[in-house]
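The analysis underlying the following values was restricted to heavy atoms, covering all of them including side chains, and did not include hydrogens, waters or symmetry mates. A, B, ... follow the sequence lines: proteins, then strands. Residue 1 opens every chain.
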Number of protein chains: 2
Amino acid sequence: MKSTPILLQTQNLRTACANCSVLELCLPIGLNDSEVSRLDTLIPQRVKVKKGASLYRTADPLRSLYAVRTGFFKTCIVSLDGREQVTGFQMAGEMLGLDAISAEQHACHAVALEDSEVCPIHFHQLERLASQIPSLQHNLNKIMSREIVRDHSMLLQMGNMNADERLAAFVLNLSARMSTRGYSSRSFVLRMRREEIGSYLGLRLETVCRSIAQLRKLGLVHISARNVDILDMPQLKMFIAGCHRHGPE
Amino acid sequence: MKSTPILLQTQNLRTACANCSVLELCLPIGLNDSEVSRLDTLIPQRVKVKKGASLYRTADPLRSLYAVRTGFFKTCIVSLDGREQVTGFQMAGEMLGLDAISAEQHACHAVALEDSEVCPIHFHQLERLASQIPSLQHNLNKIMSREIVRDHSMLLQMGNMNADERLAAFVLNLSARMSTRGYSSRSFVLRMRREEIGSYLGLRLETVCRSIAQLRKLGLVHISARNVDILDMPQLKMFIAGCHRHGPE
DNA sequence: CGAACATTTGATGACCATCAAAGTGGGTGG
DNA sequence: CCACCCACTTTGATGGTCATCAAATGTTCG
């Protein structure tokens with residue numbers, strides 16, 4: 001464990017959702033100016049999290065939810081006997097900590113995969129404010145629901161797709177999220193190691209490598225180290241729809 | 001497809017959460033009497049769903065969430081190329097439809113596995129009422145969060161457990177939920193077929209059979225047709241904690 | 001009671017995990 | 001700035017687990 005629990009606090013000046021680059025992806029989406037500034041009051045200061053550091057750990061009491069402002073996180077759970085499962089990767093505009101609401105304590109471990117910055121939102125204050133701002137409550141409901149839909153899609157991948165298909169779906173998912181944030185959907189950089197991709201997809205890291213090689217051989221993507229280039233987006237989408245030969249012919 | 005979309009409507013008399021046997025497990029938990037009766041007003045009538053019938057289908061517009069009053073459901077999603085994944089089994093006191101909030105339409109297909117009864121709760125009315133009753137909103141948040149935690153636990157099972165362990169975890173999960181509802185945790189009846197268990201666990205039905213045989217051979221459970229008897233609860237729990245020999249010695 | 005459906009068990013093979021070793025790249029300190 | 005080192009990645013060889021195909025047995029319900 002080289003992760004350090006140190007959270008660097010920054011910016012005593014009032015933070016402002018209104019100026020945030022992911023305003024349109026995040027909790028305040030659709031709120032009017034006055035509502036946004038009321039939400040701002042729940043975020044006294046942003047918090048920087050160094051690469052490799054934990055934002056929170058399993059069983060930490062729920063204090064805040066966290067909106068990722070910049071950077072990249074993974075969340076993982078660990079079974080009683082130490083088996084680890086990455087449950088998600090979170091990028092700018094996405095929320096961390098939703099699984100803590102259920103038992104008032106975090107059910108997973110959140111680690112920054114690069115130097116990152118989050119907006120902590122005190123949860124009980126958020127609930128109170130949400131009861132006064134219907135669209136804020138609705139946004140929170142939608143964000144939680146979206147996470148449920150995403151998880152179900154992962155279950156489909158783990159239950160019904162082979163290694164190559166899972167990797168293709170993973171790459172396409174990242175691609176779509178990059179695109180939503182205004183980055184290229186064709187070319188981007190992976191923030192996580194092969195082992196973490198593997199854990200997320202229910203595969204070993206060697207299998208991830210082999211699937212990368214396979215997709216490259218098919219001319220669908222080129223992945224070298226952490227650099228991803230999607231060469232044939234339509235075919236890649238066809239690939240996960242099962243429209244490809246399962247035999248090598 | 002033999003499922004019929006017919007929903008039999010019953011009971012014009014006012015329904016009453018207050019008299020419901022799963023009041024303490026369901027959305028109204030912790031509400032006071034007056035709050036419960038306000039929630040009641042959102043449930044004009046209960047709906048019966050025959051075994052094999054669909055409560056809703058993928059892409060149906062979100063109208064209501066559904067609390068299961070009696071019976072048993074499965075939810076499943078289908079990929080573009082027709083691969084099916086069971087995403088959950090729901091019993092009395094559990095909510096159906098949470099995944100529809102995200103896109104205002106259902107993301108899965110809900111089918112009754114036995115004659116069942118649900119309480120439809122008009123979602124937009126629920127949101128409005130929840131903004132007036134903080135503990136109702138909090139309950140909804142907790143229920144959604146619990147679903148997220150459950151899904152993450154399923155991902156751990158699919159990603160890190162072998163077939164025998166998944167089946168053991170599945171049986172233990174049902175056992176705990178039966179117990180919560182006042183039924184025996186040691187002896188109960190499965191409502192789903194082997195194929196549905198398999199889909200849920202990311203296994204083929206034949207593998208489910210073999211894992212059942214394996215757990216029987218180890219003296220942990222006896223499963224015959226749909227009847228489950230847990231013979232050694234502590235050992236069964238140890239089993240999924242990885243505290244068992246992986247080789248046959 | 002019988003037909004349709006569900007479950008069980010066996011035989012075989014595919015896919016992926018495991019073990020092993022070589023190759024690559026990034027960060028750090030000299 | 002370069003070289004070294006360590007962590008990460010890639011590729012190969014082998015075996016185990018689970019999927020597939022097949023056939024027999026059991027169960028349910030009209």
Relative to the 5' end of DNA chain C, which residue comes earlier, Gly202(A) or Ala225(A), by the nucleotide with the nearest heavy atom?
-> Gly202(A)
Length of the CZ-P vector between Arg204(B) and dA11(C), whole Å = 22 Å
Flag the pair Tyr183(A) / Phe188(A) as yes when their ring centroid distance falls below 6.0 Å, and as no otherwise.
-> no
Within 6.0 angstrom of Glu195(B) CD, more than 12 heavy atoms from elsewhere | no
Side-chain donor-acceptor pair present, His106(B), Asp99(B), cut-off under 3.5 Å = no
Which listed nucleotide (dT9(C), dT10(D), dC18(D)) is nearest to the side chain of Arg194(A)?
-> dT10(D)
Give the rounded distance in Å between these two atoms: NZ of Lys50(A) and P of dG27(C).
-> 13 Å
Give the rounded distance in Å between these two atoms: CG of Asn227(B) and P of dT27(D).
-> 10 Å
Got a salt bridge between Lys51(A) and Glu114(A), using NZ or NE/NH1/NH2 to carboxylate O under 4.0 Å?
-> no
Salt bridge between Asp81(A) and Arg83(A), side-chain N to carboxylate O under 4.0 Å?
-> yes
Tell me what Leu203(B) touches on the nucleic acid: a base, only sugar-phosphate, or nothing, going by heavy atoms under 4.0 Å.
-> sugar-phosphate
Residue pair Thr207(B)/Arg193(B) against DNA chain C: nearer the 5' end by closest nucleotide is Arg193(B)
Rounded to the nearest angstrom, tell me the gap between atom CD in Glu196(A) and atom C1' in dA7(D).
-> 12 Å
Nearest-angstrom distance from the residue atom CG of Asn160(A) to C1' of dC15(C) = 15 Å
Report the end-to-end axis angle of the helix from dC1(C)-dG30(D) to dG30(C)-dC1(D); each axis comes from five terminal pairs, and the value is rounded to 10°.
-> 50°
Any N or O donor-acceptor pair linking the side chain of Glu206(B) to the base of dC18(D) at under 3.5 Å?
-> no
For Arg166(A), which contact category applies under a 4.0 Å heavy-atom criterion: base, sugar-phosphate, or nothing?
-> nothing
Answer yes when Glu94(A) and Arg181(A) have at least one side-chain N-carboxylate O distance shorter than 4.0 Å, and no when they do not.
-> yes
Measure the distance from CE on Met161(B) to C1' on dC18(D) and round it to the nearest whole Å.
-> 17 Å
Side-chain N or O of Arg210(A) less than 4.0 angstrom from OP1 or OP2 on dT11(D)?
-> no
How long is the line joining CZ of Arg216(A) and P of dT9(D), in whole Å?
-> 13 Å
Which nucleotide in the set dT11(D), dT9(C), dA17(C) lies at the smallest distance from any side-chain heavy atom of Ala213(A)?
-> dT11(D)
Would you mind telling me which of dA17(C), dT18(C), dT8(C) lies closest to the side-chain atoms of Cys209(B)?
-> dT8(C)
Establish, from distance only, whether the side-chain atoms of Ser199(A) and Glu84(A) form a donor-acceptor pair under 3.5 Å.
-> no
Separation of dT8(C) C1' from Gln214(B) CD (nearest whole Å) | 15 Å
